[in-house]
Amino acid sequence: MNPFQYRNGILHLEEVSLESAAAEFGTPCYLYSKAALVSSFRSCTEAFSSRDHLVCYAVKANSNIAILNLFAKLGSGFDIVSLGELERVLKAGGDPSKIVFSGVGKREDEMIAALEAGILCFNIESESELERLEKVAGTMGKIAKISFRVNPDVDAKTHPYISTGLKENKFGIPYYDAMRLYTKASKMEHVSIAGIDCHIGSQLTEIPPFVEALEKILFLVDELAREGIPVSHIDVGGGLGIRYRDENPPEITDYAKALLEKLEGRPQKLLLEPGRFLVGNAGLLLTRIEYLKHGEQKNFAIVDCAMNDLMRPSLYDAYHEIATIREENGEPVVFEIVGPVCETGDFLGHERKLVAREGDLLAILSAGAYGMSMSSNYNSRPRAPEILVDGNKCHLVRERENLSQLMALEKIPGK
Ligand code: LLP
């Protein structure tokens, strides 16, 4: 579902004109379409409806509590990686018994909080973590449900920074060691084996790496069963890509079909951890052109958002479509779209052909995932507000930060 449309020459998100949104909330600001969020979530659960499954939304993609609340109401579970994400899910009304806890560096206090909340499963990523959890759960007189995140050594064919399933990556336990660790865990008193898990990377645009990883996981599932260690769920992680530009990511139905075929006849519950697929194309970052500057070699459109608001272009050289809010007839010019931050790496888009004037609004598209959640206060820039659009209504779901909040935790010694 594409929630963006030009109406009377002005770009709208659902029924909200982005011009009026900018007038009401200022720029830069993030806007998300509720209808698009609901539609992507439903398309995911429908694609897997033929078997028992649980979608555990990867909170890191966009952790605004209004979005978590929306998914919780749709029945979603959650994939968390920190105490902060746990607290957010609980505050948003998420069901703790549908939470899986991933990440290579879980602290003791994080384990305690998750055990107290009664989460579904810890996705264990190392032997030391297993031992720590056994101890922590023992002290609390609890039993921690676990799965091992197995590193299947599969090339996800994505950006190296977001590829996680190769043996040189820090994630998961080595494939060859999985049987030994499962056997060890099966003898522990305070952990109980629930499942098996893998996540090979993000923004995957092909199905075969997912299938290859699942085949390797299923091989282990069979071996575990032979050793008398059955697992009750199989977690295939997240990673399904979206279209930013001209990528051709698999349709969710084809992705589901490929996985479901491999799982046929198996009794385990299927867990999924999609992040980007659910939120990426539901959101945009609205920004205003402050200045046009005609350099010796390039034209620059200097906008009021920057790498601190949307880090993906600077960090991964990621492409985000940039659209003018008014449908224009004039002669387009090629611009570098850059922010005000003092770094050459502060760009939102290279070589974009636009009809642009100072004061015009631009929409940076596909910014719903890893946009706000990766933002920072670099250059002492307050974070942008977030707005959830529902039909013709705008809900301010995070206010714009102000400068006193930015300095509130700081102190001059002696004062
Ligand atoms: N499960 C685990 C264990 C993960 O580490 C991740 C993402 C996901 C699920 C969700 O993956 P997704 O469905 O969103 O691809 N900041 C990067 C992406 C980092 C992804 C990290 N892990 C970006 O902006 O592209």
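Since we're looking at a predicted model, the values are computed, not measured. Values reported hereafter were calculated over all heavy atoms of this structure, with side chains retained and with hydrogens, waters and symmetry mates removed. Atoms within each ligand, like the ligands themselves, are counted from 1 in listed order.
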With a 4.5 Å cut-off on side-chain heavy atoms, are [Y] and [X] touching?
X	Y	value
Pro340	Asp346	yes
Val303	Ile364	no
Val279	Tyr57	yes
Leu362	Ile289	yes

Which of the atoms in ligand 1, numbered in the order shown and given with their element, are less than 4.0 Å from a heavy-atom of [X]?
X	value
Gly239	11 (O), 12 (P), 13 (O), 15 (O)
Pro274	13 (O)
Gly238	9 (C), 13 (O)
Gly275	12 (P), 13 (O), 14 (O)
Arg276	12 (P), 13 (O), 14 (O), 18 (C), 23 (C), 25 (O)
Ser202	11 (O), 12 (P), 14 (O), 15 (O), 18 (C), 20 (C)
Met374	16 (N), 24 (O)
Ala58	8 (C), 9 (C), 10 (C)

_Ion pair Arg180/Glu127, N-O distance below 4.0 Å_ = yes

*asked:* With a 4.0 Å cut-off on N to O distance, would you call Arg398 and Glu401 a salt bridge?
replied: yes

_ring-ring contact (aromatic ring centres under 6.0 Å, His included) contacts touching residues 208-228 (sequence neighbours left out)_ = Phe210-Tyr255

Under 4.0 Å, heavy atoms only, figure out whether ligand 1 is touched by the backbone of [X], its side chain, both or neither.
X	answer
Leu204	neither
His199	side chain
Tyr316	side chain

*Would you check whether Arg149 has a nitrogen or oxygen atom less than 3.5 angstrom from a nitrogen or oxygen atom of ligand 1?*
no

*Neighbour count >12 (heavy atoms, 6.0 Å) for atom NZ, Lys269*: yes

_Please compare Glu125, Arg312, Glu273 and report which has the shortest non-hydrogen distance to atom 24 (O) of ligand 1._
Arg312

_Under the ring pair (Phe, Tyr, Trp, His ring centres under 6.0 Å) test, residues paired with His320 that sit two or more places apart_ = Tyr244

